[in-house]
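This report refers to the structure that appears directly beneath it.
Below, chain A is the first sequence line, B the second, and so on; all start at residue 1.
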Protein chains: 2
Amino acid sequence: MNLISILNNIAPLSTEVQQEIIGLFKKECLPRHHLLHRNGDLCNKLYFVEKGLLRIFYYNDLGKDITYRFQEENQFHTVIDSYFQQKPSLYNVEALEDSILYSMPLSELDKLREKHLSLQKVYIFVLQHFLLENSERITALQFHSAQERYNTLMEKQPLIIQRAPLGHIASYLGITQETLSRIRSRIYS
Amino acid sequence: MNLISILNNIAPLSTEVQQEIIGLFKKECLPRHHLLHRNGDLCNKLYFVEKGLLRIFYYNDLGKDITYRFQEENQFHTVIDSYFQQKPSLYNVEALEDSILYSMPLSELDKLREKHLSLQKVYIFVLQHFLLENSERITALQFHSAQERYNTLMEKQPLIIQRAPLGHIASYLGITQETLSRIRSRIYS
DNA sequence: GGCTATTTTTGACATAAATCAAAAAGTGCA
DNA sequence: TGCACTTTTTGATTTATGTCAAAAATAGCC
């Protein structure tokens, strides 16, 4: 699994730990449009995206579907509000493409982190990574124009443009689908 | 110190660990307007805000001062981009009021976390807390109006309104100072 | 305690992006 | 291969918020 080499890159793992991890992750093949997680549910799994694309989204007060983020290949995924606070989640998660995931119960993750310092470190690394990413996103949403935010997305996740429908990308960027369409066709410079 | 009881609440600490922590934190009294950290510098300290208020801000491409966040009493603070990536920071940090902080070298924090599982847990808790907070902020900036974002701030950090100048709050909310002034005077409903 | 300097408010106007609506293009499937 | 359904584009109009400028209010200080 690709997963192991990624973990190993973050913090070196003993063969024993590696074996244990491999034993716990279960392969899941999901078809396009499959809903892995529904808002209101507790999330009890950690996922690793081997192949495919996940979309995390929520419904706002008006019932509009808003994309919170995309999870591409080689990323870990879990529903943070549910996991961190042990409460029903605001978010939904769907596969935007046929996807291959590896999943592990979060209860197992907790045990592994207790048992192996090295995995606790990996976990911290991942948290820090997401925290940095989120702060960049806040910065962008604070004062960058729609065009600039689109440009940033093009740099960071260029494939998303081809892989996800326009409406999903637009809400991720905090704009309407019409505005995104116009940005693409360069009506705005 | 308040600090210890807060840590203890997150994960129970042995007396030994508590003593060690107390020994490492150094009290710092800073006058209003003191700049604790300048962009381009490496941040090498963890802070705990005992009294007062910190503002983390950066200068955008146009040289405009943008508030990234406020750090109130009983919160931990460090400059995340610098600490997580060991590189010069984008951010500046200033005391908005006369403040009492406790500080510890980040190198000591790293050592403590290696040595004491309980502290590693506290660290994870704090990271998770900030991550949740940031995701709420992203949600707000994605599609809430200026008025709604202001209302949210009023709920979450009501004292900020009195403690920080308008311009700082405005940029934190991602709006101009004029718009914030109008929101306050209810020209917008 | 009066005088600058700074911060906040107010006003007039400009503009990016939203909204509403409908046409065009693309996609899936019988 | 054609037809329904979905997604994207385009157009006309509105609106929230930005910009620029100046007045009013507030705060710091000799």
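With rounding to whole Å, A:Gln147 atom CD is found 11 Å from C:dA16 atom P. Distance A:Glu178 CD to D:dT10 C1': 10 Å, rounded to the nearest Å. Between A:Arg182 atom CZ and C:dT15 atom C1' the separation is 14 Å, expressed in whole Å. Taking atom CD1 of B:Ile175 as the reference point, atom P of D:dT19 lies 12 Å away to the nearest angstrom. Distance CG (B:Leu173) to P (D:dT17): 11 Å, rounded to an integer number of Å. Computed from coordinates, the A:Leu62 CG to C:dT19 C1' distance equals 13 Å when rounded to whole Å. Protein atom CD of A:Gln177 is 10 Å distant from nucleotide atom C1' of D:dT9, rounded to whole Å. Atoms CZ (A:Phe143) and C1' (D:dA16) sit 15 Å apart, rounded to a whole Å.
Comparing C:dT9, D:dT8, C:dT19 against the side chain of A:Leu166 picks out D:dT8 as the nearest. For A:Ala146, counting side-chain heavy atoms from C-beta on, the closest listed nucleotide (C:dA12, C:dA18, C:dA17) is C:dA17. Taking the side chain of A:Ser145 as heavy atoms from C-beta on, and the options D:dG11, C:dT7, C:dA17, the nearest nucleotide is C:dA17. With D:dG18, C:dA17, D:dG28 as the candidates, the nucleotide lying closest to the side chain of B:Thr176 is D:dG18. Nearest to the side chain of B:Arg184, among D:dT8, D:dG18, C:dT9, sits C:dT9.
Checked for salt-bridge contact, B:Lys156 and B:Glu133 miss the test: no charged N lies under 4.0 Å from a carboxylate O. For the pair B:Lys111 and B:Glu108, the salt-bridge criterion is met [side-chain N within less than 4.0 Å of a carboxylate O].
Remark: A:Thr179 is not in phosphate contact with C:dA16, judged by side-chain N or O atoms under 4.0 Å from OP1 or OP2. In this structure, B:Arg32 does not reach the D:dA27 phosphate: none of its side-chain N or O atoms is under 4.0 Å from OP1 or OP2. In terms of phosphate contacts, A:Ser181 brings a side-chain nitrogen or oxygen within less than 4.0 Å of OP1 or OP2 of D:dT9.
When the nearest nucleotides of DNA chain D are assigned to B:Lys64 and A:Gly167 by heavy-atom distance, the more 5′-ward of the two goes with A:Gly167.
Annotation: cation-pi geometry satisfied between B:Arg137 and B:Tyr68 (NZ/CZ under 6.0 angstrom from ring centroid, within 45° of ring axis).
In this structure, B:Glu16 CD and B:Ser14 OG are separated by 4.5 Å, a value rounded to the nearest 0.5 Å.
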As a quick check of understanding, evaluate side-chain contact (heavy atoms from CB on, under 4.5 Å) for B:Phe84 and B:Leu127, giving each step before the final call.
CA-CA 11 Å; B:Phe84 294 170; B:Leu127 288 180; 3.6 Å; yes

